[in-house]
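Take a look at the structure set out below.
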2 protein chains.
Amino acid sequence: MDAEAIQQCLEGSGLRCTPQRYAVMAFLMEHNRHPTAAEIFEAVNRVDPRSSRATTYNNLRDLVRAGLVREVAVEGRAARFDAKGMRHHHFICDRCGNVEDIQWYDVPRPAAASLGKRILRESELIFRGLCTKCAPRRAARKGVVRVS
Amino acid sequence: MDAEAIQQCLEGSGLRCTPQRYAVMAFLMEHNRHPTAAEIFEAVNRVDPRSSRATTYNNLRDLVRAGLVREVAVEGRAARFDAKGMRHHHFICDRCGNVEDIQWYDVPRPAAASLGKRILRESELIFRGLCTKCAPRRAARKGVVRVS
DNA sequence: CGAAGTTTTTAGATTATATCTAATATGACA
DNA sequence: TGTCATATTAGATATAATCTAAAAACTTCG
């Protein structure tokens with residue numbers, strides 16, 4: 001990934017391109033594995049420049065606010081983060097909590113009547129089940145059902 | 001809501017109908033306002049029988065496992081809970097975090113190729129933006145954009 | 001019934017995740 | 001360079017959820 005591109009991406013959103021912020025953004029753009037804040041913090045700190053935990057969280061919050069990064073809340077687990085590149089949906093594994101990308105396809109908006117006076121910013125389609133790694137160990141077990 | 005119906009609903013899913021568990025389920029069925037665990041705990045404890053925090057969480061976990069209740073993770077906030085009645089989608093307010101129901105409509109499944117060997121259990125459509133209460137205070141402000 | 005096993009509840013401790021604080025450092029720019 | 005806004009930091013704090021170990025409530029079955 002091109003360093004200039006990342007810099008422009010940050011500055012184009014009104015964010016100063018500090019070393020710590022750059023490191024977070026670069027990590028997210030280079031890995032599409034939806035890391036947690038703790039994983040990002042750790043990864044960034046394996047190389048210079050170092051970053052504190054607060055800074056990592058601050059920068060993630062700023063990047064999410066700027067619309068460059070998406071936060072995915074997962075029940076009972078730490079949130080995952082995801083550089084917004086190509087549009088995609090998400091698959092969340094019931095067992096390991098990992099978040100994976102599913103190729104984008106268009107989803108119809110709800111009827112105006114059911115939105116009422118709400119202001120719609122975005123819609124998000126989430127699939128749940130067992131990921132490729134977890135499916136083999138669980139597929140035969142009671143309680144896991146294939147669903148249309 | 002009929003007490004017998006709730007009892008049957010629990011027992012039909014292999015859960016004993018204890019007073020504390022009943023209270024949690026009854027509260028969720030009577031209010032469709034997607035409370036947090038803390039709100040459920042508080043509500044249940046305003047009347048007898050009392051329930052401890054651990055029991056509230058245990059029962060919520062059991063109800064979710066049994067498929068009677070849905071847990072909705074919200075970024076940066078406590079999870080919300082929702083008795084599964086009629087199928088519906090969710091709208092989550094960016095500002096206040098409240099979760100509201102959106103009338104159900106069918107969403108196409110992803111192509112088999114993009115699911116690969118994953119086992120799909122369910123899919124969930126989430127809308128984000130500003131709820132009816134929050135929209136008026138924010139609609140004119142910078143950063144909030146209507147989107148198709 | 002009553003013994004024995006199982007499930008549930010409980011208070012409080014603990015863990016996990018995220019945010020806050022206030023002091024310091026950095027960068028922007030007149 | 002001086003001034004001001006923004007960013008970073010270590011560590012404290014807050015919040016959400018889970019764990020622990022013991023007691024209580026049920027179930028089963030002799």
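Any value given below was found using the heavy atoms of this structure, including those in side chains, with hydrogens, waters and symmetry copies removed. In the text below, chain A, chain B and the rest are named by the order of the sequence lines, each starting its count at 1.
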Q.
The test is salt bridge (charged side-chain N to carboxylate O under 4.0 Å, His left out); show your working for R16(A) and E11(A) and say whether it passes.
A. CA-CA 6 Å; R16(A) 264 184 8 206; E11(A) 289 172 354; over 6 Å; no
Q. Out of curiosity, R118(A) CZ to E100(B) CD, how far, rounded to the nearest 0.5 Å?
A.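 R118(A) CZ to E100(B) CD: 4.5 Å, rounded to 0.5 Å.
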Would you kindly give the [atom1]-to-[atom2] distance between [X] and [N], to the nearest whole Å?
| X | N | atom1 | atom2 | result |
| --- | --- | --- | --- | --- |
| R80(B) | dA17(D) | CZ | C1' | 16 Å |
| F41(B) | dG12(C) | CZ | C1' | 12 Å |
| N45(A) | dT9(D) | CG | P | 8 Å |
| L10(B) | dT7(C) | CG | P | 17 Å |
| R50(A) | dA7(D) | CZ | P | 22 Å |
| E11(B) | dT7(C) | CD | P | 16 Å |
| L15(A) | dA5(D) | CG | C1' | 15 Å |
| E75(A) | dA17(D) | CD | P | 11 Å |

Q | Per Q20(A) side chain, nearest of listed nucleotides dA18(C), dT8(C), dT8(D) | A |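 Of dA18(C), dT8(C), dT8(D), dT8(D) is nearest to the side chain of Q20(A).
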Q | Chi angles and distances behind the salt bridge (charged side-chain N to carboxylate O under 4.0 Å, His left out) call for R53(B), E42(B) | A | CA-CA 9 Å; R53(B) 194 153 37 98; E42(B) 221 197 310; over 6 Å; no
Q. Taking R77(A) for the side chain and C96(A) for the main chain, is one N or O donor matched with an acceptor at less than 3.5 Å?
A.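 Yes: the side chain of R77(A) pairs with the backbone of C96(A).
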Tabulated below should be each protein N or O lying under 3.5 Å from an N or O of nucleotides 22-27 of chain C; please produce it.
none

Q: Answer with base, sugar-phosphate or nothing: what part of the nucleic acid does A38(A) contact at a heavy-atom distance below 4.0 Å?
A: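 It contacts nothing in the nucleic acid.
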Q) Is S51(B) touching bases, backbone alone, or none of the nucleic acid, heavy atoms closer than 4.0 Å? A)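 Sugar-phosphate: the residue S51(B), judged by heavy atoms under 4.0 Å, touches backbone atoms but no base.
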Q.
Can you pull out the residues from residues 53-65 of chain B that lie within a 4.0 Å heavy-atom distance of DNA chain C?
A.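 Close to the strand are R53(B), A54(B), T55(B), N58(B), N59(B).
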Q. Of S52(B) and R77(A), whose closest DNA chain C nucleotide lies nearer the 5' terminus?
A.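 So the residue in question is S52(B).
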Q) Taking the side chain as C-beta and beyond, is there a heavy-atom pair between L120(B) and R109(B) under 4.5 Å? A)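 In short, these two side chains touch, coming nearer than 4.5 Å.
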**Q.** Sub-4.5 Å side-chain heavy-atom contact between Q20(B) and V44(B)
**A.**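 Counting from C-beta outward, Q20(B) and V44(B) never come under 4.5 Å.
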**Q.** N-O pairing of R80(A) and E71(A) below 4.0 Å
**A.**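 Salt bridge between R80(A) and E71(A), a charged N being under 4.0 Å from a carboxylate O: no.
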**Q.** salt_bridge(R70(B), E122(B)) N-O dist < 4.0 Å
**A.**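 Salt bridge: yes.
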Q.
Taking ring pair (Phe, Tyr, Trp, His ring centres under 6.0 Å) as the cut-off, I'd like each qualifying pair that reaches into residues 32-66 of chain B, sequence neighbours left out, listed once.
A.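 Pairs touching residues 32-66 of chain B that pass the test: H34(B)-H90(B).
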